[in-house]
Amino acid sequence: MEAFAYVAPKSLAEAYTVLANGKSSQLLAGGTDVIVQLREGRRHCDQVIDLKHIPELMGMRWLPDGTLEIGAAKPLAEIYEDAEVARRLPGLIDAASLIGGIQVQSRASLGGNLCNASPAADSPPALMVLGARLVIGSSSGTRELPVEQFFAGPGRNVLAPGELLLAVKVPPPGPHAASFYLRFIPRNEMDIAVASAGAFLRLDATGGRIEAARVALGAVGPTPLMSAGAAAALVGQAPTREVFEKAGAAAAETATPITDMRGSAAQRRHLVSVLTIRALEGALQRAREAR
Amino acid sequence: MRRSQVQARINGADIDFLCEPRQSLLEVLRDELGLTGTKEGCANGNCGACSVMLNGRIVNSCCVLGVEAEGAEVTTIEGVAHGDQLHPLQQAFLEEAALQCGICTPGFIIGAKALLDREPNADEQRIRHWLAGNLCRCTGYDKIIRAVLRAEEHMQEATKA
Ligand code: FES
Ligand code: FES
């Protein structure tokens, strides 16, 4: 590995100062991607900035309106082991408990998974359908943006120099609403998605009509994708198999998959419709259980 | 690059060591501290051979920088036995012949111990799922799972007694 300096700021102010010291930086949260990439020469930097000593980035709390705010560097295992999070946001747990094995989950963070910006990452579609927002900070203040606007291409995000991803805010799904995320991999565990889908449904009080819907897709485009077509096929309809199949077909239209070692474009397009239907069925079941 | 001074508690002893920021915790353990029980399988986070406990959580030490261990508590395979008394998992791995080349074994034992310490009644499916981050190219896994189940039984009996 090339040599670099190591800095572990204890506050955001300190981190912004280090970021502006003119050296090239690599941010470190769980390190499960970054340390491997540095070792393999796929990343280079003068200094590694370890973010895990900054309290804001390691916390997790419920805001008064029921939004869950998760520090960007908080390890996945600490998120999905929280019983309250698991109860209120099962669709988030679907993704958080799927990323890597237990050794990876002890360290890897949502912030790292997002910043790494892999089109096949598991957390983006799950967060997109939940309507999550990202809090981005710099020495001049903070800004927020919807998670789907964070990705600029494979491995690229919209953070400007000097900016840090601070937190992920997940709003409460509300009554009669829930989300679900799943992926297709050729193995049982520990693999990268060939294709993945997240779905969110909000039903009316009778449970017979879809009031709001979101569908997001992974590994079938240069970034995770929202399917506006799938959402349009759902809203105002009854939550039936036929309607879900139409949404699945619309989602397949949204996908712009490529052929690579993990799967062909045609297989991925087919998977998108199947996974979308299953994600919708999973979300429907949870929404019916949610009160 | 200047070497940094790091203080950590390793297998119950306070240890001071010097390392370069680019050295992984795995490299520090093996090359600086002579704790060669922890193995390198892949050096990229896929195999779990380098598993150690870091502040109560199991991690791949090849994906941790040595400098990150500052102030931390680390347990390696060397810290699992009590003197000459093998841990029930170590004993069970021997009795079930759950190893061939042995490269994966320290990682499996650290991993299985992490699970059984938290969930003393984990069933076979839970054990297999938990150990999905540990790869073995020799045994085909069945003997490893049998050994973990046997150790679990022994540990349950020991707590009853
Ligand atoms: S050597 Fe660390 S995971 Fe394989
Ligand atoms: S015994 Fe050889 S890798 Fe497991």
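All chains are named by letter (A, B, ...) in the order of the sequence lines, taking the proteins before the strands, and each is independently numbered beginning at 1.
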Tell me, out of [options], who's got the most heavy-atom pairs with chain A below 4.5 Å.
| options | result |
| --- | --- |
| B/V59, B/N134, B/L115 | B/V59 |
| B/S24, B/G48, B/G133 | B/G133 |
| B/A114, B/A43, B/S4, B/G111 | B/A43 |

Does NZ or CZ of B/R118 lie under 6.0 Å from the centre of the six-membered ring of B/W130, at an angle within 45° of the ring axis? no
Kindly say whether A/D46 contributes a backbone atom to a donor-acceptor pair with the side chain of A/S24 at under 3.5 angstrom? yes
Determine whether a donor-acceptor pair (N or O, by modelled atom type, separation under 3.5 Å) exists between the side chain of A/R88 and the backbone of A/L68. no
Among A/K52, A/H53, A/Q37, which residue has the highest count of heavy-atom pairs closer than 4.5 Å to chain B? A/K52
Identify whether the distance between the nearest side-chain nitrogen and carboxylate oxygen of A/K74 and A/D82 falls below 4.0 Å. no
With a 4.5 angstrom heavy-atom cut-off, which part of B/E68 approaches chain A: side chain, backbone, both or neither? both
Is the shortest heavy-atom distance from the side chain of B/L65 to the side chain of B/P21 under 4.5 Å? no
Chain B contact via [X] - side chain, backbone, both or neither, heavy atoms under 4.5 Å:
| X | answer |
| --- | --- |
| A/Q47 | neither |
| A/L28 | side chain |
| A/E2 | backbone |

We want to know whether B/E32 and B/Q23 form a side-chain donor-acceptor pair, criterion being a heavy-atom distance below 3.5 angstrom. yes
